[in-house]
Protein chains: 2
Amino acid sequence: MKDKTSYKDKKVISIGVISELTGLSERQIRYYEERKLIFPERTNGGTRKYSFSDVEALVDIANKMEDGVQTYEIRQEKIREKKKIDKEKIRKQMLKGQINAQFGVQK
Amino acid sequence: MKDKTSYKDKKVISIGVISELTGLSERQIRYYEERKLIFPERTNGGTRKYSFSDVEALVDIANKMEDGVQTYEIRQEKIREKKKIDKEKIRKQMLKGQINAQFGVQK
DNA sequence: CGTGTAAGGAATTCTGACACG
DNA sequence: CGTGTAAGGAATTCTGACACG
């Protein structure tokens, strides 16, 4: 089992600090959420909470925007990446199944 | 050179989230600051900002408080620890100086 | 399309103080 | 000593909209 509760992915930072950390305006940050490029959590009151991973993602986004890439394209790219990773995951899962069938794990 | 800009020590979390993360009331968290057990930074507007390290420190403090330890004692303990670490640091520094004098680094 | 801004309101945080024990 | 709480105010954030291009 991996750690999974790393600080890096914990959504705890509010938008003001995120703005400072990334150099982006709050408007930009909210807009990128609207375009489904980032996914903050919310407090009960409705305030957005981000992680350090989100900071990194936002910096990446900012760089691409500078290069004239549109939010739609950035989103498509992310979807492609995700699919690739999912496929890889399944491949590994199947391989493990094969190995177990041959050598391992009898009930 | 070490990293030094690890996420763990970055002061970015506001007191509401810290309260949730530690289970302590905001009152308690502010009081422990008053007693010099934690040292949040501030935004320009004056809002406190904490790090994940602070979360860990607060949990430690909470445990000691449960055991009936007073804030003053906790503070003294921290001071002792710090002194010990500083002494160790100087010792290493001097050792390095000795080695350089014998083998290394001529101008 | 991507971003700035003014608007009005709600959630969040701040300080100093009183209370209890 | 350590913590809860009500009080009043200030900083922060939220949404929906208009503007520009």
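Naming: A, B, ... by sequence-line order, numbering from 1 per chain.
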Task: Selected nucleotide, minimal atom distance to A/Arg27 side chain, candidates D/dG2, D/dC18, C/dG2 - done: D/dC18
Open item on the list: Without decimals, in angstroms, what is the distance between B/Ile13 CD1 and D/dT12 C1'?
Closed with: 17 Å
Task: B/Glu88 bridged to B/Arg91 by N-O distance under 4.0 Å - done: yes
Open item on the list: Tell me if the OH atom of A/Tyr72 is crowded by more than 12 foreign heavy atoms within 6.0 Å.
Closed with: no
Task: B/Ile61 CD1 - D/dT3 C1' separation (whole Å) - done: 15 Å
- [ ] Fill in the dot-bracket string of DNA chain C, one character per base: . for unpaired, | for a pair to another strand, ( ) or [ ] for pairs within the strand, taking Watson-Crick or G-U pairs under 3.5 Å.
- [x] .||||.||.|.|.||.||||.
Open item on the list: Rounded to whole Å, how long is the line connecting atom NZ of A/Lys64 with atom P of C/dG2?
Closed with: 14 Å
Open item on the list: Measuring from atom CG of A/Leu58 to atom CD1 of A/Ile38, what distance do you get when rounded to the nearest 0.5 angstrom?
Closed with: 4.0 Å
Task: All pairs passing salt bridge (Lys or Arg N to Asp or Glu O under 4.0 Å) where residues 66-81 of chain A contributes a residue, at least two apart - done: A/Lys64-A/Glu77
Task: Considering all heavy atoms, the nearest A/Leu37-A/Thr71 contact - done: CD2-O, 3.8 Å
Open item on the list: Looking at C/dT3, I'd like to know if its phosphate oxygens (OP1 or OP2) sit under 4.0 Å from a side-chain N or O belonging to A/Ser25.
Closed with: no
TODO: Please report, rounded to the nearest Å, how far the C1' atom of D/dT13 is from the CD1 atom of A/Ile18.
DONE: 14 Å
- [ ] Only one of B/Gln28, B/Glu26, B/Glu20 passes side-chain contact (heavy atoms from CB on, under 4.5 Å) with B/Leu24; say which it is.
- [x] B/Gln28
Task: Between D/dT13 (C1') and A/Arg30 (CZ): distance, integer Å - done: 6 Å
TODO: Consider the side chain of A/Ile15, meaning its heavy atoms from C-beta on, and name the nucleotide among D/dC14, D/dG4, C/dT13 that approaches it most closely.
DONE: D/dC14
- [ ] Can you measure from OG (A/Ser14) to NZ (A/Lys49) and round to the nearest 0.5 angstrom?
- [x] 10.5 Å
Task: Any donor-acceptor N or O pair under 3.5 Å, side chains A/Asp9, A/Ser53 - done: yes
TODO: Identify, residue by residue, the members of residues 31-58 of chain A with a heavy atom below 4.0 Å from DNA chain C, and return them in order of residue number, or none.
DONE: A/Tyr31, A/Tyr32, A/Arg35, A/Thr43, A/Gly45, A/Thr47
Task: Protein-nucleotide distance (A/Glu26, atom CD; D/dT12, atom P), rounded to Å - done: 9 Å
Task: Spatial distance of atom CG (A/Asp86) from atom NZ (A/Lys89) [nearest 0.5 Å] - done: 5.5 Å
